[in-house]
Amino acid sequence: MRQNPFEMFLDRLDPTWRGDQLAFFRTLADVGRGAVPELAERVLKASCPAAMRQLVLEASFYHPWPEWIPVTSRLLRHEKDLGVFESGARALGRMGTPEALEALRELAPTRATQPFRDILDLVLRESDPAEAFHHHFARLLQGSAQPADANEGAHQLAKLLTPEALEPIRTLASHPDLLVYRHALRLLGQIQSPEAADCLLELLEEAHQDAMADREVRSQLTAFRAMSRPDVQVRLVQLLVQRWEPKDPVVAVDLGSDQPERVQSAVRTIRDGEPGLFDSFLLDTLVASQEEKPAHLARHLGQAGEQAAQRARRLEFALDATAQGLAELADQGFIDPQRLLNPLAECLRRNTGRTGVASALARLVPVTSEELLDLLVQEADGALRMAALEVLGERRDPALRATLLKLRRDPISDLAQRALWHLGQLPDPEGLALERLGLADPEEIQVGLRFIAMHQLDALVPQLLELVASEPQEAILLATLETLGALGSAQAVDPLLNLLHSGQNARVQVALAQALRDLGDPACAIALCAKAAELASPELHTLAVESLARAHATAHQPLPLAQTHALDVAVRAAWNTRQPSWPLRRRIGDALVALHLEHGSSWVDFANLIQETLHEKRPSGTVPTEDLAHLQTAARALTQKAQG
């Protein structure tokens, strides 16, 4: 059959050439919608090049005719090129008809790769935000059956939230599926409106009350499991009578009548009044206990235990999520923070809230509220104290210094360290450190020393040196020396070397040498070698070797050849003692491996020294196997250095 002019034009078309592309759009405008069938036949073939598919999809964008919808939808279902796919998705979005939007929604589950799904979600939001909201809302409702789709639905809903979204999201706050429920609470906290804040506060208070009731349920559940069925019945009636006598004396009398008809009538009356969590548990257990088969009650209690465990996790998340959402909305001005202080504090007082509640209260608590600040830092649970500390510290408010100081000696060492770190971010850390050093309590002085080392307060080195020279308490003296070593200030070299003498006890000598080693100063390391030789201490010789290794730990600053003799003397003096210490030998081996020499001839001697020691005959078991293995590794490393 003879071809029409449009078919002949397409046969000659080069979709990659700019001139043919312009001619294609002019020709398409002349032919009109009648061109779609011919283009569809060509573009849907597997052999169609990507440039032609791109051209046709761009044409469907500039000429949004309904006839394009089935062609574009079919193309996008298998399109692998992200750019071509975006052109087609935007073409459907521009058409904007119900059929085009439905085609976009149908593509979502078929294109699982994230970049393609991102394009579809973006086009849906731009084309019809209301329809996009319903689409993603439906995806969220798939819940645990399709968790990936539900998570993506929640992620996209967060971009579409407006005050009008409160009601549909609010309906999910009681959804039985835990995944849907959690996403709903998070989304409520992102709706920026006073109504959303009020809703969250109501949910927080409800969750707190349910958590209190759940605690009663679990307590009674434990007691019931240890009782016989008749005793359970008696106890249930007692509890129900106690709870309902003030509310409805008639119901209480019927419950205690021992007449099945009256008891059942009372149960129905209570159920009609929509009882709370604890009353519902008591009623269900009473009904189960009236069954003649004892196994029925045991099965009921087992199921109640499983439900309690699931409910506890659900309530814990609800309290944390609502508290965090409320804190965020309060910061944005959608609710008065004063309205939140008592509900959040009550959750902590009654031990229903967890870290999310603690951090939310720490975020909102006024710096003048000593009672609430003490509630946070005196929490029995260390995880809650840590959560509150992190938020209080990040506020960087000098008025919170006294509160943070209360955690400086927390029994959890990591928490105490974090408190000191946050204190160092406040103004005048030097003043705070000197204040600690001036106290009579030795523990407070040690807190101040840790604070100085943590924040590298070099300006206080003179005060620390004065403390070293005059401090009578050995524990404080040792801690001060450790702090000077951590600071690594050159100001401390000469004073510490002058203090190192033979009249001190071994602990002070070692502490002074450790501080000198930690300074990492080359001249200090050589001087320490001389002091170690003068005092003839294997421990000090070992520290001298470690000092040299620390001062010359890089190839850019190797130990000079002229100072190699001092290293050799220190190594052999510590190594060849009458009663050799294998832990010291391990430390020497590690130091030598870390050291860099200007001239590497000594590596052979050191490697041979270790090998000769390892080959010495000794009774089996006199040296720990791990020490021997450690030194063998060091000898191999030194041999490699010698060969290198």
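These figures come from a predicted structure and were not determined experimentally.
- A distance of 7.0 Å separates CD1 in Ile169 from OG1 in Thr171, rounded to the nearest 0.5 Å.
- A side-chain donor-acceptor contact under 3.5 Å links Gln332 and Glu328.
- Considering Leu329, Val365, Leu204, Leu326 as possible partners of Leu340, the one that fulfils the side chain to side chain contact (heavy atoms under 4.5 Å, CB included) test is Leu326.
- At a threshold of 4.0 Å, the pair Asp428-Arg401 does not count as salt-bridged, since none of the basic side-chain nitrogens sits closer than that to a carboxylate oxygen.
- Side-chain N or O atoms of Asp248 include none that pairs as donor or acceptor with a backbone N or O of Trp244 at under 3.5 Å.
- Side-chain contact between Arg450 and Gln417 is present, with at least one heavy-atom pair separated by less than 4.5 Å.
- Judged by distance alone, the side chain of Ser60 and the main-chain N or O of Leu57 form a donor-acceptor pair under 3.5 Å.
- Between the Arg186 side chain and the Ala158 main chain, no donor and acceptor come within less than 3.5 Å of each other.
- Using a cutoff of 4.0 Å between basic side-chain nitrogens and carboxylate oxygens, Asp284 and Arg271 are scored as salt-bridged.
- Proximity of Arg311 to Val217: side-chain heavy atoms (C-beta onward) are separated by under 4.5 Å at one or more points.
- Residues passing the side-chain contact (heavy atoms from CB on, under 4.5 Å) test with Ser174: none are found, sequence neighbours excluded.
- Remark: the backbone N or O of Lys406 is not paired with any side-chain donor or acceptor of Arg409 at under 3.5 angstrom.
- Neither side chain, Glu390 nor Ser359, offers a donor N or O lying under 3.5 Å from an acceptor on the other.
- Within 6.0 Å of CD in Glu245 there are 12 or fewer heavy atoms belonging to other residues, nucleotides or ligands.
- Contact annotation: the side chain of Asp198 approaches that of Arg339 to within less than 4.5 Å [non-hydrogen atoms, C-beta and beyond].
- Between the Ser289 side chain and the Leu286 main chain, a donor and an acceptor come within less than 3.5 Å of each other.
- For the pair Arg436 and Phe451, the cation does not sit on the ring face, since its NZ or CZ is not both under 6.0 Å from the ring centre and inside 45° of the axis.
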Residues Met95, Trp68; criterion side-chain contact (heavy atoms from CB on, under 4.5 Å); working and verdict: CA-CA 9 Å; Met95 294 173 197; Trp68 288 118; 3.4 Å; yes
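- When atom types are taken as modelled, the side chain of Arg385 and the backbone of Gln378 share no donor-acceptor pair closer than 3.5 angstrom.
- The shortest side-chain heavy-atom distance between Val391 and Leu376 does not fall under the 4.5 Å cut-off.
- Classified by interplanar angle (parallel below 30°, tilted 30° to 60°, perpendicular above 60°), the ring pair Phe317/Tyr181 is tilted.
- Remark: side-chain polar atoms of Gln456 are paired, donor with acceptor, to backbone N or O of Ala453 under 3.5 angstrom.
- Put simply, CG on Leu201 and CG on Asp336 are 11.0 Å apart, with the number rounded to the nearest 0.5 Å.
- The backbone N or O of Leu415 lies less than 3.5 Å from no partner atom in the side chain of Arg418, so there is not a single donor-acceptor pair.
- Checked by atom type and distance alone, the side chain of Arg225 pairs as donor or acceptor with a backbone atom of Leu301 at under 3.5 Å.
- Side-chain contact between Glu371 and Asp374: absent, with no pair of heavy atoms (C-beta onward) separated by less than 4.5 Å.
- Looking at Arg215 and Ser219, their side chains never bring a donor and an acceptor atom within 3.5 Å of each other.
- Looking at Asp254 and Arg268, no side-chain N of the basic residue comes within less than 4.0 Å of a carboxylate O on the acidic one, giving no salt bridge.
- In this structure, CD in Gln290 is found 9.0 Å from CG in Leu236, a value given to the nearest 0.5 Å.
- In this structure, His455 and Pro429 have side chains that are not in contact, with every pair of non-hydrogen atoms separated by 4.5 Å or more.
- We find the CG-CG distance between Leu283 and Leu240 to be 5.5 Å, quoted to the nearest 0.5 Å.
- A salt bridge links Glu346 to Arg349: at least one charged side-chain nitrogen sits closer than 4.0 Å to a carboxylate oxygen.
- Look at Arg363 and Glu394 and you find no salt bridge, because none of the NZ, NE, NH1 or NH2 atoms lies under 4.0 Å from a carboxylate O.
- Geometrically, Arg90 does not engage Phe61 in a cation-pi contact defined by less than 6.0 Å to the ring centre and at most 45° from the axis.
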